[in-house]
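Written out below as structure tokens is the structure these notes cover.
The chains referred to below are lettered A, B, ... by the order of the sequence lines, with proteins before strands, and numbering in each begins at 1.
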Amino acid sequence: MTRETFRSALLMWYASNKRDLPWRKTCDPYFIWVSEVILQQTRVSQGLAYYKRFIRQYPDVRTLASSSSDALMKIWEGLGYYRRARNMRTAAIRVMEDFQGKVPFRYEELLTLKGIGPYTAAAIASIAGGEPVAVVDGNVYRVLSRMFGITAPKSSSTGQKQVNKLAARMIDPRRPGDYNQAIMELGALICTPRNPSCETCPFTGYCYARAHGLVKQLPVREIKPKVPVRYFHYFILSYHDRLIIRQRTRKGIWHLLYDFPLIERAEEISIKNLLNSGVPEQFPGMNPYPDRISGIISHKLTHLHIRARFYHFDLRHPDQPLPENHLLISRKEIKKYPFPQMIVKYLNEISLNNHR
DNA sequence: AAACCGGGGGT
DNA sequence: ACCCCAGGTTT
């Protein structure tokens, strides 16, 4: 199959099978940018609602550049990889300063912006700028490795190089934006990781993996190390309608989001040891007997499995000095602050059950 | 090159 | 339980 045949068959398939998505109705590099960053490591089905809300709140670069951390994190709440949003804000400020508020659409310029790597730069440059630069994401890697029998592991540099080269050779320079979206759409809808729909694939008769019975083996996956388990012991300290939250200002997961005073251990912990953990000393008015202890809340991250337990304590007086980064807020104010999804879920559960 | 960074949905 | 998603930054 010639390169030209591949291109035209792919574009033909895309024209009649593409999903109707809001960022496909525009060539404005700002909207393309927002969609691409939201969709990093995120499925369309998960990111779509976030995209709409984000555009409503930050309709242009200027509004994004002047956003506050709390508002920005609140918009991103539950989506994960929160650094994406912070990097986008950093980049938006630079666009205002160095690009007169116009999001650039040339590949090399885009690469200089925080949070924009080879994939996102190629996506914006091709879709908004018509530049013939090929995207290589998980979909493209899978489609090309199966079509052409690339057997180097996906994580290896040789695998990356081979696929990058192949992608650059295959892209249609006349319609680079459509071509890039088409091959990703094929990967998302037909050439899926498991149980691909080879029967309806336009390339079913031309696919290396299909011809050699290797569809299940390609692309070659890397072996992943086991994920460690950590135990999170949260203190929910409340005084009538108010409770103490704290902002996570140290580097690491959930940076700049809010949670509660926390003891983190490799193991479960007894109440007695919990009370000797040092936290009660920070809150002198705290009743040492918990009013309520949650069950274990299990939460899985890519590189960490968390087992959390929430211990509710009563504060005997509200006007004690609070440690750095801690706030005493009313329950009505909770929804103004961005929390990790695990916390959001727990707070919803206990409020539904009418507990404190 | 390897580690880090979230959360969800499919199988 | 495992896979992986329109990846990028940091170390």
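Closest contact between the side chain of A:Gln41 and the listed nucleotides B:dG8, C:dA6, C:dC5 involves C:dC5. You'll find that the side chain of A:Arg221 is closest to C:dC3, out of B:dC5, C:dA6, C:dC3. Which of C:dA6, B:dG6, C:dG7 sits closest to the side chain of A:Thr302 comes down to B:dG6.
A:Ile306 has its CD1 atom 9 Å from the P atom of B:dG6, to the nearest Å. Atom pair A:Ile223:CD1 and C:dC4:P shows a separation of 13 Å (rounding to whole Å applied). A:Tyr14 has its OH atom 11 Å from the C1' atom of C:dA6, to the nearest Å. Put simply, CD1 on A:Ile253 is 17 Å from C1' on C:dT9, counting in whole angstrom units. In this structure, A:Met342 places its CE atom 12 Å from P of B:dG6, rounding to the nearest Å. In this structure, the NZ atom of A:Lys300 is 9 Å from the P atom of C:dC2, given to the nearest Å. Atom pair A:Lys224:NZ and C:dC5:P shows a separation of 8 Å (rounding to whole Å applied). Protein atom CG of A:Asn139 is 14 Å distant from nucleotide atom C1' of C:dC3, rounded to whole Å.
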key: Worked check of salt bridge (Lys or Arg N to Asp or Glu O under 4.0 Å) between A:Glu268 and A:Arg309   = CA-CA 9 Å; A:Glu268 265 281 38; A:Arg309 213 186 267 283; 2.8 Å; yes
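Outside the 6.0 Å centre-distance limit, the rings of A:Phe54 and A:Tyr50 are not counted as a close aromatic pair. You'll find the ring centres of A:Trp254 and A:Tyr82 outside the 6.0 Å limit. Ring pair A:His299/A:Tyr346: centre-to-centre distance not below 6.0 Å. In this structure, A:Tyr234 has its ring center at least 6.0 angstrom away from the ring center of A:Tyr311.
Between A:His299 and the phosphate of B:dG6, there is no side-chain N or O to OP1/OP2 separation shorter than 4.0 Å. Contact between the side-chain N/O atoms of A:His303 and the OP1/OP2 oxygens of B:dC5 is found at a separation under 4.0 Å. OP1 and OP2 of B:dC4 both lie 4.0 Å or more from every side-chain N or O belonging to A:Trp254. Of the side-chain N and O atoms in A:Lys114, one or more sit less than 4.0 angstrom from OP1 or OP2 of C:dT10.
Two residues, A:Ile116 and A:Val44, neighbour DNA chain C, and the one matched to the more 5' nucleotide by heavy-atom proximity is A:Val44. Positionally, the nearest nucleotide of DNA chain C for A:Arg24 lies more toward the 5' end than for the other of A:Leu113 and A:Arg24. Mapping A:Phe339 and A:Pro225 onto DNA chain B via the closest heavy atom, the residue that lands nearer the 5' end is A:Pro225.
Counting non-hydrogen atoms under 4.0 angstrom, A:Lys345 reaches the backbone sugars and phosphates but no base. No contact: A:Trp33 has no heavy atom under 4.0 Å from any strand. Using a 4.0 Å heavy-atom cutoff across all strands shown, A:Gly78 reaches sugar-phosphate atoms only and no base atom. Across all strands shown, A:Gly187 has no heavy atoms under 4.0 Å from either base or sugar-phosphate atoms.
Legend: residues meeting salt bridge (charged side-chain N to carboxylate O under 4.0 Å, His left out) with A:Asp20, ordered by chain and number and at least two apart, are A:Lys25. A:Lys336 is linked by a salt bridge (charged side-chain N to carboxylate O under 4.0 Å, His left out) to A:Glu333, counting only residues two or more places apart in sequence or in another chain. Every residue meeting the salt bridge (charged side-chain N to carboxylate O under 4.0 Å, His left out) condition with A:Arg175, not counting sequence neighbours, appears here in chain and number order: A:Asp178. Judged as a salt bridge (charged side-chain N to carboxylate O under 4.0 Å, His left out), and not counting sequence neighbours, A:Arg86 has no contacts.
Of the candidates A:Val279, A:Ile244, A:Leu237, A:Ile343, A:Phe260 forms a side-chain contact (heavy atoms from CB on, under 4.5 Å) with just one, namely A:Ile343. No option in A:Thr200, A:Ile183, A:Leu186 other than A:Leu186 meets the side-chain contact (heavy atoms from CB on, under 4.5 Å) test with A:Trp13.
Counted by atom type alone, A:Asn325 and A:Thr249 present one or more donor-acceptor pairs between their side chains at under 3.5 Å. A donor-acceptor contact closer than 3.5 angstrom is absent between the side chains of A:Thr204 and A:Glu199.
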task = Kindly express the pairing pattern of DNA chain B in dot-bracket notation, using | wherever a base pairs with another strand and counting only Watson-Crick or G-U pairs under 3.5 Å.
result = |||||.|||||
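When hydrophobic side chains of Ile, Leu, Val, Met, Phe, Trp and Tyr are connected at separations under 4.5 Å, A:Tyr208 ends up clustered with A:Leu214, A:Leu218, A:Val220.
Listed by first then second residue, pairs satisfying salt bridge (Lys or Arg N to Asp or Glu O under 4.0 Å) with a partner in residues 155-174 of chain A read A:Glu4-A:Arg174, A:Asp172-A:Arg174, not counting sequence neighbours. Residue pairs meeting the side chain to side chain donor-acceptor pair (under 3.5 Å) criterion with at least one partner in residues 102-113 of chain A, sequence neighbours excluded, are A:Arg94-A:Thr112, A:Arg106-A:Glu109.
Linking Ile, Leu, Val, Met, Phe, Trp and Tyr whenever their side-chain heavy atoms come within less than 4.5 Å puts A:Tyr119 and A:Leu166 in one cluster. Hydrophobic clustering (ILVMFWY, side-chain heavy atoms < 4.5 Å, transitive): A:Met184 and A:Leu110 are in distinct clusters.
The same atom, P, is picked in B:dG9 and in C:dG8; the two are 24 Å apart, to the nearest Å. Rounded to the nearest Å, the gap between the P atom of C:dT11 and that of B:dG6 is 15 Å. C:dA6 and B:dT11: their P atoms are spaced 14 Å apart (whole Å).
For the segment residues 118-129 of chain A, the set of residues with a heavy atom within less than 4.0 Å of an atom of DNA chain C comprises A:Pro118, A:Tyr119, A:Thr120, in numerical order. For the segment residues 153-185 of chain A, residues with any heavy atom less than 4.0 angstrom from an atom of DNA chain C are, sorted by number, A:Lys154, A:Met184, A:Glu185. Of the residues in residues 82-92 of chain A, those lying under 4.0 Å from DNA chain C by heavy-atom distance are A:Arg83, A:Asn87.
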Atom pairs, protein N/O to nucleotides 9-11 of chain B N/O, distance under 3.5 Å:
from	atom 1	to	atom 2	distance (Å)
B:dG10	N2	A:Arg194	NH2	2.7

